Participant: 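Right, I'll just put the structure down here and ask away after.
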Amino acid sequence: MAIKVTMPRLSDTMTEGTVATWLKKVGDKISEGDILAEIETDKATMEFESFNEGTLLHIGIQAGETAPVDALLAIIGKEGEDISALLAGGDAPAAPEASKPKTDAPAAETKTETAAPAKAATELPKGVIVVTMPRLSDTMTEGTVATWLKKVGDTVAEGDILAEIETDKATMEFESFNAGTLLYIGIQEGNTAPVDSLLAIIGPAGTDIAGIAENYTAGGTASAPAAEETKAAPAAEKATEATADTSSNGGRILASPLAKKIASDKGIQLTQVKGSGENGRIVKSDIENFTPSAQVQPAASADAKSETAAPAAPKVFVPAGEVFTEEIKNSQMRKIIAKRLAESLFTAPHYNLVIEVNMDEAMGARATINTVPDTKVSFNDMVIKACALALKKHPKINSQWKEDAIIINHHVNIGVAVAVEDGLVVPVLKFTDAMSLSQIGASVRDLAGRAKNKKLGPQEMEGSTFTVSNLGMFGITEFNSIINQPNSAILSVGAIVEKPVVKNGQIVVGNTMMLSLACDHRTIDGATGAQFLQTLKQYIESPVTMLA
């Protein structure tokens, strides 16, 4: 059934928006998380993602046109579906109105829209803005404030990062669309609240905001009195300092989503761009004004040294003979991991196939490859490449189950499981089969580094068709994983072990590695999984065949 997509409210003061650019055209296939368009609000130009999948059947607001919030932006449905009833429903703005500049919007309409964000908008002191918990992903229903980067009393400019908010998919930076002074913090660090709860209040310094928090009821309640806000100040200051330091040493690149998109389109490396925003943040104008002659010295590479884990928490003293327990609050990530893995294990009939691989030639090939300057390839990168090629030969492994059909994916997007402090994330290498070993290596290091710093975007963890999990670096020789749905299979990679093997009737010292493939029996039969492992074994044992 076709779905109407309306002009979103992308800021708390937004009453109308202008479509800056359409990134999809009528007839294009749309997946959840695809960027449909760039929309210019009253504060910034932002990317607008699709929460639906299907075919783009209609565009209601053309590039360059302005329309009020909730106006018909697009229609997504099945290819060839009749949408005449939706178009005749009167929800789409008339063409003349849509093409008017936003300054011509009727005054009454503007007043109505401005009053929407808060129940008591008409009672707010002049210049005071109520900021609510944003919806940062299509499945987000509540968010946790991981870190406040501003404290009460700080001056806030448009584009400044107010806080880092943990969703069900990732920890993301939340920018301010308003300028003023941070007068109130409604959700303290570590606290969780539903979308649209009172997050903060911004306005002129010294403004009396007594009673605003108590009267605010748009989706949630304030969770902390103003008197306690100063307690979070030292942590916020430290977080700000840490952010700036990390940005300067290359462990993390601060850039707006739009700046990243433009840089990607133009083939510009963000490490070469000097940011003019807060804490050196790269913004749209920095990319547009960038020239090769303006390159800055590339930051130090984000190697393992910059990605080292934080020091372990001090040990708690427990007197001998006493019962002692500790309760750790579940993070949003941990809750989602528990939910998704339980659903996978209890709904998909798992079985495991195990094969032993000789790694002697792979070890020699890797040593030779890594003699090339600026090249660093790991054994895991070689396994990922081999999986990508084997999936092209065995597409049934690259599938997903639906009640009425089995979906065979003829593109290969491999998810790579990465352990982080709060659990596990799976960044995705898009079109892995078309990547070289060195490209895979560089991409995995980049994604893993940003995953550990909680700086992956939700779109970087979506769309996988197969998953690889490696615990070999911890000395684990063999293990079984739970399938990362909607994938049909996951490969578990163990450590390389030196042991006696039989070659040509002689017992010699060899290097072997165990691979375990967990399969969903609804989509993959045992023989199909076994054939995939045989092909994978051939590629790994003779890496030169991956070049054929």
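Values below: every heavy atom of this structure, side chains too, minus hydrogens, waters and symmetry copies. Here the structure is a predicted model, which is why all the values come from computation and not from measurement.
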Participant: Does a side-chain N-to-carboxylate-O contact under 4.0 Å join Lys402 and Asp404?
Facilitator: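 Judged by the 4.0 Å cut-off on N to carboxylate O distance, Lys402 and Asp404 do not form a salt bridge.
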
Participant: Val354 and Ser516: which non-hydrogen atoms are nearest, and at how many Å?
Facilitator: CG2-OG, 3.9 Å

Participant: Salt-bridge test for Asp381 and Lys385: reply yes if a basic N is under 4.0 Å from a carboxylate O, no otherwise.
Facilitator: no

Participant: Does the side chain of Thr192 come within less than 4.5 Å of Ile187's, by heavy atoms?
Facilitator: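 Not touching, per the 4.5 Å side-chain cut-off.
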
Participant: Answer whether the closest heavy-atom distance between the side chains of Glu361 and Glu541 falls below 4.5 Å.
Facilitator: no

Participant: Is it true that Thr512 and Glu356 share a donor-acceptor pair across their side chains at a distance under 3.5 Å?
Facilitator: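 Yes, a side-chain donor-acceptor pair sits under 3.5 Å.
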
Participant: If you count the non-hydrogen atoms of other residues, nucleotides and ligands that lie under 6.0 Å from CD1 in Ile507, is the total more than 12?
Facilitator: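 No - once you tally the heavy atoms of other residues, nucleotides and ligands closer than 6.0 Å, there are 12 at most.
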
Participant: To the nearest 0.5 angstrom, please state how far the CZ atom of Phe379 sits from the CE atom of Met359.
Facilitator: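 Output value for this atom pair is 5.5 Å.
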
Participant: Regarding His394 and Thr535, do their side chains bring together a donor and an acceptor under 3.5 Å, going by distance alone?
Facilitator: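 His394 vs Thr535: donor-acceptor pair found between side chains.
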
Participant: What verdict does the ring-ring contact (aromatic ring centres under 6.0 Å, His included) test give for Phe474 and Phe479, after you've listed the backbone C-alpha separation in whole Å, the side-chain angles of each residue and the deciding distance to 0.1 Å?
Facilitator: CA-CA 12 Å; Phe474 298 107; Phe479 67 103; 9.9 Å; no

Participant: Do Glu478 and Ile476 have side chains that get closer than 4.5 Å, going by heavy atoms?
Facilitator: no

Participant: Ignoring hydrogens, what is the shortest heavy-atom contact between Leu447 and Leu429? Give both atom names and the distance.
Facilitator: CD1-CD2, 3.6 Å

Participant: Taking atom types as modelled, find out whether Ser399 and Ser488 have a side-chain donor-acceptor pair closer than 3.5 angstrom.
Facilitator: yes

Participant: Tell me the closest heavy-atom pair linking Val383 and Leu536, and the distance in Å.
Facilitator: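 In this case the closest contact between Val383 and Leu536 is O-CD1, 4.3 Å.
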
Participant: Counting only heavy atoms not in Lys24, do more than 12 fall under 6.0 Å of its NZ?
Facilitator: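 Buried by this count: over 12 neighbours within 6.0 Å.
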
Participant: Test side chain to side chain donor-acceptor pair (under 3.5 Å) on Ser50 and Asp34; report intermediate values, then the result.
Facilitator: CA-CA 6 Å; Ser50 173; Asp34 281 359; over 6 Å; no

Participant: Salt bridge between Lys503 and Asp360, side-chain N to carboxylate O under 4.0 Å?
Facilitator: yes

Participant: Report the C-alpha separation of Gln272 and Phe290 in whole Å, then their side-chain angles, then the decisive distance to 0.1 Å, and conclude whether the side chain to side chain contact (heavy atoms under 4.5 Å, CB included) test is met.
Facilitator: CA-CA 9 Å; Gln272 299 175 340; Phe290 174 78; 4.1 Å; yes

Participant: So, for Ile397 and Ala489, which heavy atoms are closest and what is the spacing to 0.1 Å?
Facilitator: CG2-CB, 4.0 Å

Participant: To the nearest 0.5 Å, tell me how far Thr147 OG1 sits from Leu149 CG.
Facilitator: 6.5 Å

Participant: Please report the closest heavy-atom contact between Gln400 and Asn409, naming both atoms and the distance.
Facilitator: OE1-ND2, 3.8 Å

Participant: Give me the one residue out of Leu437, Val493, Ile440, Asn470 that meets side-chain contact (heavy atoms from CB on, under 4.5 Å) with Ile384.
Facilitator: Ile440

Participant: Does a side-chain heavy-atom distance below 4.5 Å link Val412 with Lys392?
Facilitator: yes

Participant: Are side-chain heavy atoms of Thr347 and Gln485 found at a separation under 4.5 Å?
Facilitator: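 Yes, their side chains come closer than 4.5 Å.
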
Participant: Looking only at side-chain N and O atoms, does Asn398 offer a donor or acceptor that is under 3.5 Å from a partner on Thr465?
Facilitator: yes

Participant: Roughly how far apart are Leu391 CG and His411 NE2, rounded to 0.5 Å?
Facilitator: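 The distance works out to 11.0 Å.
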
Participant: Measure across Gly463 and Asn413 and return the closest heavy-atom pair with its distance rounded to 0.1 Å.
Facilitator: O-ND2, 3.1 Å

Participant: Using a strict 4.0 Å threshold on nitrogen-to-oxygen distance, state whether Lys274 and Asp286 make a salt bridge.
Facilitator: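 Judged by the 4.0 Å cut-off on N to carboxylate O distance, Lys274 and Asp286 do not form a salt bridge.
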
Participant: Is it true that Arg450 and Glu460 have a side-chain N and a carboxylate O under 4.0 angstrom from each other?
Facilitator: yes

Participant: To the closest 0.5 Å, what do you measure between CZ (Phe48) and CH2 (Trp22)?
Facilitator: 8.0 Å

Participant: Is His350 close to His521 at the side-chain level, that is, under 4.5 Å between some pair of heavy atoms?
Facilitator: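 No, every pair of side-chain atoms sits at 4.5 Å or beyond.
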
Participant: Would you call Asn484 and Ser344 a side-chain contact if the rule is heavy atoms closer than 4.5 Å?
Facilitator: no

Participant: Give a yes-or-no answer on whether the side chains of Ser469 and Ser492 include a donor-acceptor pair shorter than 3.5 Å.
Facilitator: no

Participant: Are the side chains of Ile76 and Leu57 in touch, meaning some heavy atoms are under 4.5 Å apart?
Facilitator: no

Participant: Does Lys29 form a salt bridge (Lys or Arg N to Asp or Glu O under 4.0 Å) with Glu53? I'd like the steps, not just the answer.
Facilitator: CA-CA 8 Å; Lys29 298 293 185 183; Glu53 60 181 22; over 6 Å; no

